[in-house]
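Beneath this line is the structure, given in structure tokens, with notes to follow.
Note that the coordinates shown come from a computational prediction; the quantities given were computed from them, not determined experimentally.
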Amino acid sequence: MSVLIKGGRVITAADDYVGDVFVDGERISLIGESLDLAADRVIDATGKYLLPGCIDPHTHLDMPFGGTVTCDDVESGQTSAAFGGTTCHVDFVIQPKGATFAEALDDWRSKANGKQVIDMGYHMAVTDLKDGGSLEELAGLPDQGVTSYKLFMAYKGALMVDDETLFKTMEVAADTGALVMVHAENGDAIDVLVKKALAEGHTEPHWHALTRPPETEGEATNRAIQLARVAGCALYVVHVSCKESVEPIALARDKGWNVWGETCTQYFFVDYTFLERPNFEGGKYVYTPPPRAKANQDVLWNAVRTDILSAISTDHCAFLWDGQKTMGRDDFSKIPNGGPGIENRLQMIHEFGVRGGRISLNRMVELLCTNPAKLFGLYPRKGTIAVGSDADMVVFDPAKKVTISARTHHSRCDYNLFEGTEVTGSPEVVLLRGNVLVENGDLVASAGVGQFVKRARFGQELKPERVTAAA
Ligand code: URP
Ligand code: ZN
Ligand code: ZN
């Protein structure tokens, strides 16, 4: 199968030109000014942007959490991602306490098999180094293409690890070349604040934010940075939400330490006041870290513009409002933490970042495609438009007007964090390794087209043979 995409404005992290792109099989084989080649399929992209397929480095599909399971499984979550122009994501395998990493990986793979609509990789969330996985087993994960270890410094009594586990994992990462990712919040302090608030009779959703003040995020971010320096590993701080966390990352990067950070789409748009919405609507915005005071939004835009933060993910962790979020109607600490968003990242960042004059088109591609690919061992197979790269591309119509809504999104979630937001610019055709996934508002590929990607170690390039046929 060959595809010729003609006349699009090709945007990468570095380039911006009008050209034709020829796909032979699964890879881009030729890029030129005016290619006169026969192809099985010709796509006219005149007047459109041609972007690399976006990569979401932070998602939670089919994940047991907070006494329930996220409402999007691999098929529904990846379908939603595909409509939004995301062609690859890296999901979190959560090690159940007492289980080995192999058991956890097997479980996650069995949930994905046959359901994959886009390509995917896995991070390993380490929860237990005493009764479950060993340090030796952890050290073996990068050889299987699982080249990042995630640690939760919060969610006490559930996913949280102590500093010993954090530091030991960092030492393994320093040896194996894996990237350490942290959910940075001081879980012990938060646990005290939550118990106190409940004892005083505070049950409403906005207490989720009041019991997780930004200082608890700043403290844990700084702690993780300093421990990573001692261990000598590379560190990536996930879902940075506030100035208190941006500042230690800025300092670390200024000093040249091996520290990186991401924020997520929602932190630019949803602020603390959303949690105060009446009739338990505030419960929709209970995710962690919580929506912050609005002043943080400018701090985050500045951070992504200046590369203090290097990627924007979604942290898609969707729960139904009706039936799942409502488990915490009388107790904010029982609301499952997480929100949807896998489908709307490109639309929202294009609208408010690029059209809003905050970042360039090139920087948008860098934040949503190229940097996630580089940081998570997918580049140059993914994350750019270049000869030899996977033909993962988005024909993006910059003039298309869309009103974002749960009525039209493809996630199973019964609400959308950005409900009613009007954007100009949306994906029109989405290709994964030369296969058209989405066209004219329809999913035209079948589940099973997506593959598991064996990622390279941090700082290394992904060689062609690392893509395997099955998860
Ligand atoms: O509230 C969130 N973010 N839920 C997903 C788990 C996590 O902390 O990333
Ligand atoms: Zn987290
Ligand atoms: Zn997350």
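No donor-acceptor distance shorter than 3.5 angstrom exists from the side chain of Asn371 to the backbone of Cys369, with no hydrogens or angles considered. Counting only distance, with no hydrogens or angles, the side chain of Asp73 and the backbone of Glu75 share a donor-acceptor pair below 3.5 Å. Between the side chain of Lys325 and the main chain of Pro336, a donor-acceptor pair closer than 3.5 Å is present. A distance-only check finds no donor-acceptor pair linking the side chain of Asp442 to the backbone of Val444 [under 3.5 Å].
For Asp40, the CG atom counts as densely surrounded, since its 6.0 Å shell holds more than 12 non-hydrogen atoms of other residues, nucleotides or ligands. For NZ of Lys111, the number of neighbouring non-hydrogen atoms (other residues, nucleotides, ligands) closer than 6.0 Å is greater than 12.
A salt bridge is defined here as a Lys NZ or Arg NE, NH1 or NH2 lying under 4.0 Å from an Asp or Glu carboxylate O, and Asp392 with Arg381 fails to meet this definition.
For the pair Arg292 and Tyr267, the cation-pi criterion (under 6.0 Å, within 45° of the ring axis) is not fulfilled. Arg277 forms a cation-pi arrangement with Phe274, by the criterion of a distance under 6.0 Å to the ring centre and an angle within 45° of the ring axis.
For the residue pair Asp91 and Thr59, a side-chain donor N or O sits within less than 3.5 Å of a side-chain acceptor on the partner. Remark: the Ser313 side chain and the Asp315 side chain contain no N/O donor-acceptor pair separated by less than 3.5 Å.
Ring orientation note: the planes of Tyr49 and Phe396 are close to parallel, at an angle under 30° on the 30°/60° scale. The aromatic rings of Phe152 and Tyr155 are tilted relative to each other, their planes meeting at an angle between 30° and 60°.
Checked against the 6.0 Å centroid threshold, His60 and His316 do not count as a close aromatic pair. In this structure, Phe268 has its ring center no closer than 6.0 Å to that of Phe352. The aromatic ring centroids of His123 and Phe376 lie less than 6.0 Å from each other. Separation of the His208 and Tyr287 ring centroids does not fall under the 6.0 Å cut-off.
Here the rule is side chain to side chain donor-acceptor pair (under 3.5 Å) with Ser426, and of Gln347, His350, Lys401, Glu351 only Gln347 fits it. When each of Thr370, Ile385, Leu51, Leu50 is paired with Thr12, the side-chain contact (heavy atoms from CB on, under 4.5 Å) condition holds for Ile385 and for no other.
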For Val304 and Trp301: C-alpha separation, side-chain torsions, deciding distance, then whether side-chain contact (heavy atoms from CB on, under 4.5 Å) applies.
CA-CA 5 Å; Val304 293; Trp301 280 118; 4.0 Å; yes
Under the criterion side-chain contact (heavy atoms from CB on, under 4.5 Å), I'd like the reasoning laid out for Gln297 against Asp271: C-alpha separation, chi angles, the key distance, then a yes or no.
CA-CA 8 Å; Gln297 295 176 356; Asp271 65 51; 3.8 Å; yes
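Distance check: Leu159 CG to Phe92 CZ gives 11.0 Å after rounding to the nearest 0.5 Å. The OG1 atom of Thr265 sits 7.5 Å away from the CG atom of Leu368 when rounded to the nearest 0.5 Å. Annotation: the span from Glu217 atom CD to Glu185 atom CD amounts to 6.0 Å, rounded to 0.5 Å.
With a 4.5 Å cut-off on side-chain heavy atoms, Thr86 and Ile118 count as touching.
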